[in-house]
Amino acid sequence: MGIRKLKPTTPGQRHKVIGAFDKITASTPEKSLVVGKKSTGGRNNTGKMTMRYIGGGHKRRYRIIDFKRSKDGIPATVKSIEYDPNRSSRIALLYYADGAKSYIIAPNGLEVGQTVVSGSDVAPEVGNTLPLASIPVGTIIHNIELRPGQGAKMVRSAGTFAQLTSKEGAYAIIKMPSGETRKILATCKATIGAVGNSDHGLEKSGKAGRSRWLGRRPHNRGVVMNPVDHPMGGGEGRASGGHPRSRKGLLAKGLKTRAPKKHSSKYIIERRKK
């Protein structure tokens, strides 16, 4: 999956770098795996704005992704690689041998016509899903469960991958994309390979309009507000705003926000790098 840098024929094209769609093989999604998606505009059930800078954007349809991969032992053929507006990665449409269809996140190297399968006794090949106990040490993985049967919660974004570094009794030791090393129950499932569309991080929108298409409204900084609106507002001339804080006065940039007695802290061996 490459990227396209456009010629500066207009101001918006000058810095635009967008993903290439050369690996995408289908333009319309599978109808049975699509549901409607309503945008909130940042408003809650009473119509009050609870999240700022959200609204507008292109209408989307949600593709139902199979994060559980519970059809063990039934081979599935990759029918197409498709674009998904709800995530940074590409998705792959699977046709199972028993007639079922499902979408999965497309890993790097997955091709149309390839066969994937899930289960504890399958080969650790790209696209296959296995329990961590059955995956060889050192393998690159993604779509990792936190609790057995819950469905994949971690390492789902474009270009990300984790590594299974070792096993200790009932737990597997995983090195996360952030650099954090943590324990996960070995009965949890993970998929082999890295998530595809790894060039997503190189993309540049080029113009404000592309942000509006994604539903992002103009975002104004705290230092340009008045003291009544933000702790960093006010001051004569161009004041820097003092210590970085949130709109509600909580310190930003360096303040640890993780709960000190969080129960999952005992599973973290090494925290992520600053």
Side-chain angles (χ1 to χ4, degrees), residues 1 33 62-72 76 81-92 94 102-110 116-120 122 124-201 203 256-274:
M1 185 68 67
L33 297 171
Y62 183 75
R63 281 78 164 158
I64 299 165
I65 311 291
D66 177 19
F67 287 115
K68 292 191 175 180
R69 298 289 292 273
S70 54
K71 294 176 77 69
D72 289 356
I81 306 290
E82 299 179 18
Y83 169 78
D84 188 352
N86 306 297
R87 63 193 71 250
S88 57
S89 57
R90 306 291 183 231
I91 56 175
L94 302 186
S102 74
Y103 276 124
I104 62 165
I105 285 178
N108 231 349
L110 193 73
V116 296
V117 66
S118 62
S120 56
V122 302
E125 295 171 355
V126 170
N128 289 355
T129 300
L130 300 82
L132 291 168
S134 304
I135 299 176
V137 171
T139 307
I140 298 296
I141 54 175
H142 67 282
N143 270 13
I144 306 166
E145 288 183 329
L146 266 175
R147 297 184 184 92
Q150 184 189 29
K153 294 288 177 190
M154 300 187 293
V155 195
R156 306 187 335 189
S157 184
T160 56
F161 61 88
Q163 189 173 22
L164 177 61
T165 55
S166 63
K167 297 173 187 178
E168 285 181 15
Y171 291 93
I173 311 300
I174 308 287
K175 190 172 179 16
M176 305 299 292
S178 63
E180 178 179 292
T181 306
R182 62 163 294 151
K183 292 180 181 178
I184 298 173
L185 272 171
T187 48
C188 291
K189 287 183 174 180
T191 307
I192 308 296
V195 184
N197 196 24
S198 53
D199 290 328
H200 173 75
E203 292 183 20
K256 288 190 168 73
T257 56
R258 186 179 173 89
K261 293 183 179 178
K262 194 164 184 175
H263 80 98
S264 62
S265 293
K266 62 187 176 186
Y267 300 117
I268 296 170
I269 297 167
E270 189 182 348
R271 294 290 290 156
R272 64 190 172 92
K273 308 289 187 291
K274 285 285 187 291

(message) Using the ring-ring contact (aromatic ring centres under 6.0 Å, His included) criterion, which residues pair with Phe161? Sequence neighbours excluded.
(response) none

(request) Just jot down the ring-ring contact (aromatic ring centres under 6.0 Å, His included) partners of Tyr171, sequence neighbours excluded, or say none. (result) Tyr267

To the nearest 0.5 Å, what is the distance between [atom1] ([X]) and [atom2] ([Y])?
X: Lys68; Y: Gln150; atom1: NZ; atom2: CD; value: 8.5 Å
X: Arg90; Y: His200; atom1: CZ; atom2: NE2; value: 9.0 Å
X: Tyr103; Y: Leu94; atom1: OH; atom2: CG; value: 10.0 Å
X: Ile269; Y: Glu168; atom1: CD1; atom2: CD; value: 5.5 Å
X: Ser118; Y: Ile192; atom1: OG; atom2: CD1; value: 12.0 Å
X: Ser89; Y: Ile104; atom1: OG; atom2: CD1; value: 10.5 Å

(request) Could you tell me which non-hydrogen atom of Glu270 sits nearest to which non-hydrogen atom of Lys273, and how far apart they are? (result) OE2-NZ, 3.1 Å

Between [Y] and [X], is there a side-chain heavy-atom distance shorter than 4.5 Å?
X: Leu33; Y: Arg63; answer: no
X: Val126; Y: Asn108; answer: no
X: Val155; Y: Met176; answer: yes
X: Asp66; Y: Lys71; answer: no
X: Ile184; Y: Met154; answer: yes
X: Leu110; Y: Val116; answer: yes
X: Arg258; Y: Ile268; answer: yes

(message) Quick check on Arg271: does its CZ atom have over 12 non-hydrogen neighbours (other residues, nucleotides or ligands) under 6.0 Å away?
(response) yes

(message) Can you confirm whether Lys167 is buried at NZ, in the sense that more than 12 heavy atoms of other residues, nucleotides or ligands lie under 6.0 Å from that atom?
(response) yes

(request) Using modelled atom types only, decide if a donor and an acceptor are shared between the side chain of Ser88 and the backbone of Ala158 within a distance under 3.5 Å. (result) yes

For residues 128-146, dump all side-chain donor-acceptor pairs below 3.5 Å to protein atoms at least two apart in sequence or in another chain.
from   : atom 1 : to     : atom 2 : distance (Å)
Asn128 : OD1    : Val117 : N      : 3.0
Asn128 : ND2    : Ala123 : O      : 2.9
Thr129 : OG1    : Arg69  : NH1    : 3.0
Thr129 : OG1    : Thr191 : OG1    : 3.0
Ser134 : OG     : Ser120 : O      : 3.0
Thr139 : OG1    : Pro136 : O      : 2.6
His142 : ND1    : Thr191 : O      : 3.4
His142 : ND1    : Gly193 : O      : 2.6
Glu145 : OE1    : Gly149 : N      : 3.4
Glu145 : OE1    : Lys189 : N      : 2.9
Glu145 : OE2    : Gly151 : N      : 3.1

(message) Let's go through Arg156 and Ile65 carefully: what are the C-alpha distance in whole Å and the side-chain angles of both, what is the deciding distance for side chain to side chain contact (heavy atoms under 4.5 Å, CB included) to 0.1 Å, and is it a yes or a no?
(response) CA-CA 11 Å; Arg156 306 187 335 189; Ile65 311 291; over 6 Å; no

